[in-house]
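Letters go in sequence order (proteins before strands), and every chain restarts at 1.
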Amino acid sequence: MNVRSQISMVFHLDKCIGCHTCSIACKNIWTDRKGAEYMWWNNVETKPGTGYPTKWEDQNIYRGGWQKENGKVSLKGAGKRRGLTNIFYNPNLPVIDDYYEPFTYRYLDLIESPEGDDQPTARPVSLITGEPIDIKMGPNWDDDLSGTPDYARNDPNLKNLSAAEQEVMFQLERMAFFYLPRICNHCLNPACVASCPSGAIYKRGEDGVVLINQEVCRAWRMCVTACPYKKSYYNWHTGKSEKCILCFPRIEAGLAPACMHSCVGRIRYLGVLLYDAEKIEAAVHDDESRLINRQLDMILDPFDEEVIKSAKQNGIADSTIHAAQFSPVYKYVKEWKLALPLHAEFRTLPMLFYVPPLLPVMATVKQVDNSEGEKKMNPMAKYWDDNWLYDTSTKELWGTLDQVRFPLKYLANLLSAGDEELIKDKWRKMMAVRIHRRRVTVGDVSNEKADEALRDAHLTPEMADGIFYLTALAKFEDRFVIPPAHREQAIEMIDFTGDTKGETGFGIKSKIRRGL
Amino acid sequence: MNALNNFFLIALPYIALALFLVGSIYRYTYKGFQLSSLSTQFLEGRRLFYGSLPFHWGVLFLFIGHLIAFLFPSSVLAWNSQPLRLLILEITAFIFGISMLVGLVNLLVRRYTTPRLKYVTNKMDLVVYLLLIFQTVIGLWIAYNFRWGSSWFSTLLSPYLYSIFSFQPDIKAIVLLPVPVKLHIIGAFVIIAIIPFSRLIHFLVPPINYIWRPYQQVYWNWSKRDVRNPEAPWSLQRPKNN
């Protein structure tokens with residue numbers, strides 16, 4: 001057993017309201033710079049939709065992630081052979097138009113224009129050339145555009161859905177969408193690290209954060225191709241690649257990353273997972289259908305004596321083990337099995353997990369016979385001229401899981417590598433928690449029914465209460481359990497701290513050289 | 001004439017090599033951030049294909065060819081002892097030269113006709129393009145008019161380059177060479193001289209290490225194992241300031 005610790009995340013999609021506060025917090029801190037204007041280390045997409053960059057999930061276009069061929073796992077669009085032979089021209093590199101051309105407006109024209117017959121306007125100008133442009137795309141361009149032919153219907157996750165299923169999905173009365181916030185997954189088998197010819201990208205041993213060394217990056221841009229989530233970005237101004245750093249300066253100081261700290265819906269959870277690094281290789285090479293189970297198998301029980309012992313042998317600090325025991329991520333992912341990784345089939349073992357959204361499921365639209373009601377109606381009353389009933393009753397849930405408004409297959413393509421049973425299992429659990437809590441707080445659900453629901457979902461009442469607490473009531477300290485980084489020890493390894501205060505600052509691990 | 005020859009064929013090479021050595025080491029040590037070519041594929045991806053690929057494969061082949069002719073002149077002469085093999089070598093090299101020229105012209109036109117690229121272009125880029133085009137055109141001219149270059153390079157230029165590197169410059173043989181060849185030599189040393197001051201620096205940092213390094217890299221900032229072990233000294237490195 002080779003125990004390592006990973007700072008891992010859970011995003012509860014059922015709670016995401018799509019407000020983009022996370023994206024703004026991130027942008028203001030990290031990517032508000034020349035060359036980085038187009039980057040959104042954190043972005044929120046509407047699903048179904050094409051996302052950012054356009055159709056990033058379609059690896060026939062971008063050739064990201066790993067592929068398994070004849071039992072061998074290799075990078076799809078990069079790697080030693082492909083990367084080095086394509087080093088002079090990367091055929092699968094997304095260009096800026098796949099994201100969008102960053103722009104601003106000439107606001108000053110509003111103030112400084114000379115007096116005239118017309119109102120002055122603020123024309124949009126490109127942030128690259130400074131010339132006026134016609135905006136063709138921008139951040140969140142497909143926001144809330146479910147059902148639209150250009151965006152929602154081009155979603156790569158619709159690939160296994162029949163034309164009829166898609167048609168049903170996008171009927172006006174049935175149409176639904178949800179939000180998918182995305183940051184770097186800080187994978188256990190990161191394709192970006194493997195693809196970097198210069199070796200500039202690495203995974204930090206202490207907390208598993210994946211970083212790009214800007215001094216070593218030589219701009220071969222293979223990581224941009226290799227990352228199947230398109231979370232490594234090329235800065236056209238500095239000529240270096242950049243990516244989400246999980247706000248490591250904040251984490252080391254015990255603060256939650258900016259996107260998580262600012263999350264309005266409180267959908268984000270962050271905590272330590274202990275995992276067995278020896279199992280990575282076998283997990284990566286397994287069949288697609290078993291990838292998620294393999295990944296969950298790697299995650300170790302932080303209360304297990306054996307695990308604690310080997311963790312200590314591996315030099316994991318007691319404070320980190322303690323944080324792992326209180327990790328909300330461990331609870332969601334392993335204990336309750338409520339969360340799933342995004343696109344496990346890319347084989348990068350992403351360590352950001354999503355609780356699937358339930359809301360599009362709960363309500364169904366039924367055709368009802370409205371003729372009776374019409375007869376009895378007061379002639380003066382407003383009459384709704386349709387026979388559709390938007391049914392939010394939960395009574396029929398177990399029966400309707402197969403005919404839900406939002407196709408299971410779609411969510412399965414997104415979150416469970418195509419396994420619909422896994423999504424169903426999560427939905428059952430989430431419904432069971434609701435039924436159980438309704439019994440506790442309102443009391444109009446019979447004990448038999450609530451117990452049956454919990455049994456079906458393999459939950460105990462205590463687990464259901466735990467899920468309810470962490471989902472609905474969790475405080476800041478419950479959502480973010482950040483282990484101390486023990487940077488003091490790191491500095492003491494290099495320098496005597498007694499007289500070097502201020503000499504070595506954040507990020508500098510060697511003495512600053514002066515002169516020759 | 002003698003002074004000119006002395007300057008361009010003796011002094012210039014040493015100035016160029018000194019600039020190259022000192023400049024490259026300085027840039028590598030102190031300007032690590034700048035050790036790459038500023039890629040523009042992200043801003044313009046289609047036309048780069050027709051410029052970058054023919055140029056780079058051409059220049060790579062020709063550079064290695066010149067290097068082999070310099071390092072192992074006798075092997076090149078042995079290869080050229082049969083006319084057919086000589087022809088194969090010369091024609092292949094000429095094709096790569098054409099490929100390099102086509103690539104360069106495409107790159108130059110692309111850079112100055114794509115509006116976005118204006119904002120990531122500096123004056124040195126133009127110097128680099130013009131120098132390389134000059135060098136390629138002259139090279140092709142020599143290959144066509146003064147045959148067979150691969151053979152006389154090995155007998156004339158290799159000894160000259162060897163004499164430069166062994167600090168006993170001997171230009172007796174090459175002062176008699178035609179002007180285009182001298183221009184080609186001068187061009188080569190000027191290019192070497194500007195490597196540390198231009199995007200050409202990226203040719204010094206090819207990712208060769210990638211061939212044998214493992215795919216995944218996990219770095220520990222410090223060894224927690226040693227920190228926690230009471231038997232071990234407090235740290236592996238003694239504090240440097242204490």
K.L.:
Within the 4.5 Å heavy-atom criterion, are E131(A) and P115(B) side-chain neighbours or not?
P.N.:
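In short, these two side chains do not touch, never coming nearer than 4.5 Å.
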
K.L.:
Just checking, K34(A) and Y119(B): is the charged tip under 6.0 Å from the six-membered ring centre and within 45° of the axis?
P.N.:
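Negative - K34(A) is either too far from the ring of Y119(B) or too far off its axis.
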
K.L.:
Around Y144(B), counting heavy atoms of other residues, nucleotides and ligands shown, do more than 12 lie under 6.0 Å from its OH?
P.N.:
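It does not: Y144(B) OH has 12 such atoms or fewer within range.
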
K.L.:
I'd like to know which of L117(B), I211(B), N209(B), L60(B) tops the heavy-atom pair count under 4.5 Å against chain A.
P.N.:
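Most heavy-atom pairs under 4.5 Å with chain A: I211(B).
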
K.L.:
Between N90(A) and chain B, which part of the residue has a heavy atom less than 4.5 Å away: side chain, backbone, both or neither?
P.N.:
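Contact with chain B: backbone and side chain both.
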
K.L.:
Return the CH2 to CG distance between W236(A) and L38(B), rounded to the nearest 0.5 Å.
P.N.:
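The CG atom of L38(B) is 9.5 Å from CH2 of W236(A), to the nearest 0.5 Å.
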
K.L.:
Write down the atom of S39(B), the atom of R221(A), and the distance for their closest heavy-atom approach.
P.N.:
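Nearest pair, atom of S39(B) first, then R221(A): OG-NE, 2.8 Å.
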
K.L.:
Please state whether the side chain, the backbone, both or neither of L84(A) comes within less than 4.5 Å of a heavy atom of chain B.
P.N.:
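The side chain, not the backbone.
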
K.L.:
Tell me, out of C196(A), S198(A), G208(A), who's got the most heavy-atom pairs with chain B below 4.5 Å.
P.N.:
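Answer, by heavy-atom pair count under 4.5 Å with chain B: C196(A).
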
K.L.:
What part of I87(A) gets closer than 4.5 Å to chain B, counting heavy atoms only: side chain, backbone, both or neither?
P.N.:
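The side chain, not the backbone.
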
K.L.:
When you compare the side chain of V120(B) with that of H237(A), does any pair of heavy atoms fall below 4.5 Å?
P.N.:
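They are not in contact (no side-chain heavy atoms under 4.5 Å apart), so the answer is no.
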
K.L.:
Can you confirm if the aromatic rings of F42(B) and Y233(A) lie within a centre distance of less than 6.0 Å?
P.N.:
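Centroid separation for Y233(A) and F42(B): 6.0 Å or greater.
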
K.L.:
Report the distance from atom CZ of R116(B) to atom CD1 of I128(A), rounding to the nearest 0.5 Å.
P.N.:
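One gets 5.0 Å once the value is rounded to the nearest 0.5 Å.
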
K.L.:
Which residue pairs pass the salt bridge (charged side-chain N to carboxylate O under 4.0 Å, His left out) test when at least one of the two sits in residues 205-218 of chain B, sequence neighbours left out?
P.N.:
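Matches after skipping sequence neighbours: none remain.
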
K.L.:
Tell me, out of G79(A), S126(A), G130(A), who's got the most heavy-atom pairs with chain B below 4.5 Å.
P.N.:
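Result: the option with the highest number of such pairs is G79(A).
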
K.L.:
Taking all non-hydrogen atoms of both residues into account, name the closest pair between K80(A) and Y210(B) and its distance.
P.N.:
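For K80(A) and Y210(B), the tightest heavy-atom pair comes out as CE-O, 3.1 Å.
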
K.L.:
So do the side chains of F33(B) and T238(A) get within less than 4.5 Å of each other, counting heavy atoms only?
P.N.:
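Of all side-chain heavy-atom pairs linking T238(A) with F33(B), at least one is under 4.5 Å.
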
K.L.:
Looking only at heavy atoms, what is the nearest atom pair of Q216(B) and N189(A), with distance?
P.N.:
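Looking at all heavy atoms of both residues, the shortest contact is NE2-OD1, 2.8 Å.
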
K.L.:
Against chain B, work out which of K240(A), Q214(A), E215(A) has the most heavy-atom pairs shorter than 4.5 Å and name it.
P.N.:
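Sorted descending by pairs with chain B, the first entry is K240(A).
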
K.L.:
Using non-hydrogen atoms and a 4.5 Å limit, figure out which bit of T85(A) sits close to chain B: side chain, backbone, both or neither.
P.N.:
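Just the backbone, heavy atoms under 4.5 Å.
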
K.L.:
Is any side-chain heavy atom of R204(A) closer than 4.5 Å to one of Y219(B)?
P.N.:
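No. Closest side-chain heavy atoms not under 4.5 Å.
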
K.L.:
Could you walk me through whether E44(B) and I96(A) pass the side-chain contact (heavy atoms from CB on, under 4.5 Å) check?
P.N.:
CA-CA 8 Å; E44(B) 200 289 317; I96(A) 188 140; over 6 Å; no

K.L.:
Please classify the contact between T129(A) and chain B as side chain, backbone, both or neither, with a heavy-atom cut-off of under 4.5 Å.
P.N.:
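Both the backbone and the side chain of T129(A) come within 4.5 Å of chain B.
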
K.L.:
What residues form a salt bridge (charged side-chain N to carboxylate O under 4.0 Å, His left out) with D125(B), not counting sequence neighbours?
P.N.:
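Listed in chain order: R111(B), R199(B).
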
K.L.:
Out of A219(A), G199(A), G35(A), which one racks up the most heavy-atom pairs below 4.5 Å with chain B?
P.N.:
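Highest number of heavy-atom pairs under 4.5 Å: G199(A).
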
K.L.:
Taking everything shown except E281(A) itself, do over 12 heavy atoms lie less than 6.0 Å from its CD?
P.N.:
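Atom CD in E281(A) is not crowded, with 12 or fewer foreign heavy atoms closer than 6.0 Å.
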
K.L.:
Look only at the side chain of Q217(B) and the backbone of I201(A), and say whether a donor-acceptor pair between them is shorter than 3.5 Å.
P.N.:
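The answer is yes, because a donor-acceptor pair under 3.5 Å joins these two groups.
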
K.L.:
For chain A, which residues from residues 47-55 of chain B have at least one heavy atom closer than 4.5 Å to it?
P.N.:
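Within residues 47-55 of chain B, near chain A: L48(B), F49(B), S52(B), L53(B).
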
K.L.:
Quick one: OH on Y89(A) to CZ on R46(B), what's the gap to the nearest 0.5 Å?
P.N.:
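It comes to 8.0 Å.
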
K.L.:
Checking an interface table here. Which of residues 129-143 of chain B come within a heavy-atom distance under 4.5 Å of chain A?
P.N.:
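So far as heavy atoms go, nothing in residues 129-143 of chain B approaches chain A to under 4.5 Å.
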
K.L.:
Is V218(B) in contact with chain A via its backbone, its side chain, both, or neither, using a 4.5 Å heavy-atom distance?
P.N.:
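For V218(B), backbone and side chain are both near chain A.
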
